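Note that the structure is a prediction, hence the values are computed from the model and not measured. Numbered from 1 within each chain, the chains take letters A, B, ... in sequence-line order.
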Number of protein chains: 2
Amino acid sequence: MPKQTFYNLPEDKRQTLLYAAEKEFSRVPVYEASISNIVKSAGIPRGSFYQYFEDKEDAYLFLLSQQARTRQGNFITLLQKYDGDLFDAITEMYRLLLKELPEQENLDFLKNAFLNMTHKIENIFNRIFDVNENREQLKEISTLINKQCLNISDEKDLHHVIQIITSVTFHNLVEKFAKEMSYEEAMDNFNTEMNLLKKGLYK
Amino acid sequence: MPKQTFYNLPEDKRQTLLYAAEKEFSRVPVYEASISNIVKSAGIPRGSFYQYFEDKEDAYLFLLSQQARTRQGNFITLLQKYDGDLFDAITEMYRLLLKELPEQENLDFLKNAFLNMTHKIENIFNRIFDVNENREQLKEISTLINKQCLNISDEKDLHHVIQIITSVTFHNLVEKFAKEMSYEEAMDNFNTEMNLLKKGLYK
DNA sequence: ATAATAAATGACACGGTGTCACCTGTCAAT
DNA sequence: ATTGACAGGTGACACCGTGTCATTTATTAT
């Protein structure tokens, strides 16, 4: 959290600083961003930055959550609009996000936020469950899975199902570590989610 | 990718170096890890490190993929064991992973790998779709959603469904950026996955 | 024995971080 | 008007990490 001094700042100076920070975080991912660039661009001395923020991350998370907050509320509204259809609401939300993105001046900022290491790790994770190593394997898997599955009609669907399961598994794993869950807790969550997924896909 | 010189190294020296790197990446997340510590711990001069690897990330990704590779093959075997039941296979895989984790000497390494920034960003992302702001909202959402949904019986399930959708959405978003997909491509993928999810949950 | 090639080495230039002793401006009390 | 106290401003500095490169050393081929 920014320090009190940050909030005591006159509006224009605060905006200048935030703008400089956003510019820097748009240029490169957080871990490559430098405070030196921010203060240079904002025209404030180095020491002042530390008067306002704990460190680089502090400023970054403030910006991120500030941007997130502007989207608050949308979801409920959309849910009402689509009469409780969760998927229609979320699809609309996703669509809006993608649609607005190219026009958004903070596109690079968001891009960096989402790319930030994550995809590298997900790629590695995908490798653990890699089923695309060669066509033979995929055929084999397809045959095996079709014994059980109702809804997977073609290869594209199979790929997507694996995507879904991978991302949910990944999410569970990250959550387990982040919230320091016990083995039992983690398995319990995982099973609940897998069962929900299962219902839709099985004979 | 490590350079050729790395592979030319005598086995014991290579192991010492890898061990030192793993130790450092277990101590802190990649972006905090330092080459200085690795070379000090491995007892090699700084310049040598750059003889073997491009940079820190290079060594890190090598270690990660090396560890991932040891799990290769498991998945197909499990799939056969469970006669093509995708969920049983993946659940078993997850279970094994969690079960083995505490005994694994590289626990901290894996922990850092999964925590590495990701959860911070996911948390922010969750905030965008935040439906847990207050009980009232959750009730409201629950009522709305139950008009459409078949399988969500209690609040816990609702929470998990939202988790699933969030993580799939998140995954799609990261993928879109990582693979520089067009709007159409991204929406297409997203819709396919949402439809697969939908089938299981709707009246 | 010699040349050629590959690898090893560590000092160094560069750039970034966070701190701290000191400076400045403001404002209430005298 | 003067003082002191205090919040905030400032930038030089100590420290640490990166990647490079000229030089040295080892290895191999001729």
Side-chain angles (χ1 to χ4, degrees), chain A residues 1-64 109 112-113 116-117 120, chain B residues 1-64 109 112-113 116-117 120:
Chain A
M1 278 213 324
K3 300 180 182 172
Q4 187 53 48
T5 32
F6 175 72
Y7 297 104
N8 295 346
L9 237 38
E11 187 60 20
D12 59 335
K13 194 170 178 185
R14 190 165 63 236
Q15 286 310 323
T16 310
L17 177 52
L18 285 180
Y19 178 75
E22 186 175 325
K23 199 171 117 196
E24 177 66 0
F25 293 130
S26 301
R27 192 181 63 81
V28 285
V30 216
Y31 61 99
E32 279 185 49
S34 93
I35 294 172
S36 299
N37 279 338
I38 297 175
V39 298
K40 205 191 299 169
S41 150
I44 62 167
R46 179 166 194 80
S48 292
F49 182 90
Y50 288 97
Q51 208 74 265
Y52 311 137
F53 299 107
E54 290 298 334
D55 51 21
K56 198 169 56 174
E57 234 96 54
D58 192 24
Y60 179 67
L61 287 179
F62 176 77
L63 273 177
L64 249 190
F109 180 88
N112 280 331
N116 202 29
M117 282 311 284
K120 278 191 191 163
Chain B
M1 277 213 323
K3 300 179 182 171
Q4 187 53 45
T5 31
F6 176 70
Y7 296 106
N8 295 345
L9 236 39
E11 186 60 20
D12 58 335
K13 193 169 178 186
R14 190 166 63 236
Q15 286 310 322
T16 310
L17 177 52
L18 285 179
Y19 179 75
E22 186 175 326
K23 200 172 118 196
E24 178 65 1
F25 292 130
S26 301
R27 192 181 62 82
V28 285
V30 215
Y31 61 99
E32 279 185 50
S34 93
I35 294 171
S36 299
N37 279 337
I38 296 175
V39 298
K40 205 190 302 169
S41 152
I44 62 168
R46 180 166 194 79
S48 292
F49 182 90
Y50 289 96
Q51 207 74 265
Y52 311 136
F53 299 107
E54 289 298 333
D55 51 21
K56 198 169 56 174
E57 235 96 54
D58 191 25
Y60 179 66
L61 287 180
F62 176 76
L63 272 177
L64 250 189
F109 179 88
N112 280 330
N116 201 27
M117 281 314 282
K120 277 191 192 164

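By the 6.0 Å contact criterion, NZ on B/K3 is enclosed, its count of non-hydrogen atoms from other residues, nucleotides or ligands being greater than 12.
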- Message: Assess the residue pair A/D12 and A/Q15 against the criterion (side-chain contact (heavy atoms from CB on, under 4.5 Å)); give the C-alpha distance rounded to whole Å, side-chain angles, the decisive distance to 0.1 Å, and a yes or no.
- Response: CA-CA 5 Å; A/D12 59 335; A/Q15 286 310 323; 5.7 Å; no
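Rounded to an integer number of Å, the gap from CD of A/E57 to C1' of C/dG18 is 14 Å. The distance between atom CD1 of A/I44 and atom P of C/dG18, rounded to the nearest whole Å, is 14 Å. Straight-line distance from the CG atom of B/L9 to the P atom of C/dA6: 16 Å, rounded to whole Å. Distance, B/E32 CD to C/dT17 P: 14 Å, rounded to whole Å. Atom OH in A/Y50 sits roughly 17 Å away from atom P in C/dA21 (whole-Å rounding). C/dA8 atom P lies 12 Å from atom NZ of B/K3, rounded to whole Å.
Here B/T5 lies in heavy-atom contact (under 4.0 Å) with sugar-phosphate atoms only. Among the protein residues, B/S34 comes within range of the sugar-phosphate backbone only, with heavy atoms under 4.0 Å from sugar or phosphate atoms but none that close to a base. Using a 4.0 Å heavy-atom criterion, one finds that B/Y52 contacts the sugar-phosphate atoms exclusively. Residue A/F49 is classed as having no contact, given no heavy-atom separation below 4.0 Å to the nucleic acid.
Relative orientation of the B/F6 and B/F62 rings is perpendicular, given thresholds of 30° and 60° on the angle between their planes.
If you take CG on B/L9 and CG on B/L17, they are separated by 7.0 Å, rounding to the nearest 0.5 Å. Taking CG of A/L18 as the start and NZ of A/K13 as the end, the distance is 13.0 Å to the nearest 0.5 Å.
Look at B/S48 and you'll find a side-chain N or O under 4.0 angstrom from OP1 or OP2 of C/dT9. Between B/K13 and the phosphate of C/dA8, there is a side-chain N or O to OP1/OP2 separation shorter than 4.0 Å.
No hydrogens or angles were tested; on distance alone, nothing pairs the side chain of B/Q51 with the base of C/dA7 as donor and acceptor under 3.5 Å.
Picking from C/dG16, C/dA8, C/dG18 the nucleotide with the shortest atom distance to the side chain of A/S36 gives C/dG16. Ranking C/dT17, C/dA8, C/dG10 by closeness to the B/R46 side chain, first place goes to C/dG10.
With hydrogens and angles ignored, the 3.5 Å screen pairs no side-chain donor or acceptor of B/E24 with any backbone N or O of B/I35.
For DNA chain D, the contact window with chain B, defined by any atom under 4.0 Å from a protein heavy atom, covers D/dG17 to D/dT20 in 5' to 3' order.
Residues A/F25 and A/K56 form a side-chain contact, since some pair of their non-hydrogen atoms from C-beta on lies under 4.5 Å apart.
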